[in-house]
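Report on the following structure.
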Amino acid sequence: MPKTSRNKSFKIPKTMKAWVLGDPKELKLTQKPVPEPGAAEVLVRVDAVAICATDVEIIANGPPAMIEGGMPFNKNFTPGHEYMGTVVKLGSGVDEFKIGQRVTVEVHAGCGRCERCREGMYTACLNYGMNYGDKNKGHRANGFTTDGAFAEYAVNHINTLIPVPDQMSDAEATLVVTAGTAMYGLDAMGGLIAGKRLVVTGPGAIGLLGVAVGKALGAQPVILTGTRDNRLKLGKKLGADFVVNVRKENPVEAVRRITGGKGVHYVLECSGAPNALNEAAQMVNRGGRICLAGFPHEPVQVDLGNIVRNNIYVYGIRGEGKSATHRAMAFMEQRRFDATLIHTHTFSFKELPNAIKYARERIEDAIKVVVKMK
Ligand SMILES: [Zn+2]
Ligand SMILES: [Zn+2]
């Protein structure tokens with residue numbers, strides 16, 4: 001049965017249930033007005049939302065969330081950014097989407113007026129967080145600078161919406177933004193990667209889908225490194241040709257062994273380990289490229305001499321720019337990989353703090369924990 005029902009009208013209440021961030025680590029369930037979509041925006045009824053490591057970070061420490069130019073605590077702010085739902089109301093001028101249409105979202109609606117947004121790098125919008133009072137530049141990053149989806153409804157700019165095919169489940173649709181982030185990292189290093197040798201370091205959600213997207217783009221071989229055998233096993237299911245447990249084998253030597261001493265063209269670094277960049281720089285060949293998608297919390301020492309002498313390019317990405325989510329969705333819609341393999345746990349809206357606890361403490365080796373609204 002198709003899950004989409006076009007041109008339906010939805011009864012929209014005046015208020016909605018929403019979790020808001022109080023003091024650090026404190027989420028409270030409250031009642032908020034249902035937001036109104038403005039020009040080029042729609043109201044999305046949230047149907048499912050995945051928990052991200054960044055949500056855990058925001059709830060505990062604040063950044064990268066920024067509300068009214070400062071910390072997000074006690075500002076009636078609702079986190080949650082990896083969600084999908086149903087369009088239930090259109091703002092003025094919207095004819096790109098229909099009421100009743102299922103959509104998933106990417107996070108950043110850039111301001112559209114800064115240098116980076118004009119280049120398609122809207123996740124690096126120069127007006128990040130400038131969306132209040134006299135400083136309103138139109139930038140929104142739901143769950144970071146504006147209200148997110150730990151609530152029954154959210155307002156989204158149409159630029160952040162990706163249509164969801166009928167056959168795709170709600171839970172799978174929440175994973176598009178994660179796959180899109182991996183796609184953006186591979187884009188940063190050169191995009192079309194058929195035949196290139198690729199290492200992905202760190203089998204978290206982005207790393208695992210980095211393997212899947214890299215394989216779908218034709219990388220050969222795809223090598224995944226990590227510390228946990230069960231995660232590496234999952235990496236194999238998602239397309240890794242080789243996996244290396246760094247507790248058992250030096251990852252640089254393993255990559256040399258697998259590639260016959262040649263090294264790889266690309267490393268997508270998703271571990272955030274302090275020595276990851278140094279190791280990546282020894283895994284790539286001369287002129288190779290490294291994209292940092294994870295990051296350590298403390299400053300780290302880097303052998304820059306090695307990077308310069310070997311003409312190695314190092315990129316950093318933030319999130320999922322340049323419409324990478326749409327390309328990730330194309331792969332998922334074609335079933336080029338099964339993203340649902342990383343969806344490990346499901347909770348109800350009421351149980352959201354428990355869902356976050358599972359994600360934070362990786363209880364039962366939780367990878368992606370999804371909260372379903374009904
Ligand atoms: Zn996220
Ligand atoms: Zn901008």
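Residue numbers run from 1 in the order of the sequence given. Just follow the structure's listing: the first ligand is 1, and inside any ligand the first atom is 1.
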Discussion item. I'd like to know whether Glu253 forms a salt bridge (charged side-chain N to carboxylate O under 4.0 Å, His left out) with Arg256, so could you lay out the CA-CA distance, the side-chain angles of the two residues, the decisive distance to 0.1 Å, and finally the verdict.
Written reply: CA-CA 5 Å; Glu253 282 166 21; Arg256 293 248 167 84; over 6 Å; no
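- Between the Zn ion (ligand 2) and His139 there is no N/O/S contact shorter than 2.8 Å.
- Remark: at the Zn ion (ligand 2), atom SG from Cys114 and atom SG from Cys111 enclose 110°, rounded to the nearest 10 degrees.
- Under a hydrophobic clustering in which Ile, Leu, Val, Met, Phe, Trp and Tyr are joined whenever their side-chain heavy atoms come within less than 4.5 Å, directly or via other members, Phe150 and Val88 fall into the same cluster.
- In summary, an N, O or S atom of Glu82 is located under 2.8 Å from the Zn ion (ligand 1).
- The Zn ion (ligand 1) lies closest to atom NE2 when only the N/O/S atoms of His81 are considered.
- Under the 4.5 Å side-chain heavy-atom criterion for Ile, Leu, Val, Met, Phe, Trp and Tyr, Val107 and Val155 are members of the same hydrophobic cluster.
- Using a 4.0 Å cut-off between charged side-chain N and carboxylate O, Asp365 and Arg231 make a salt bridge.
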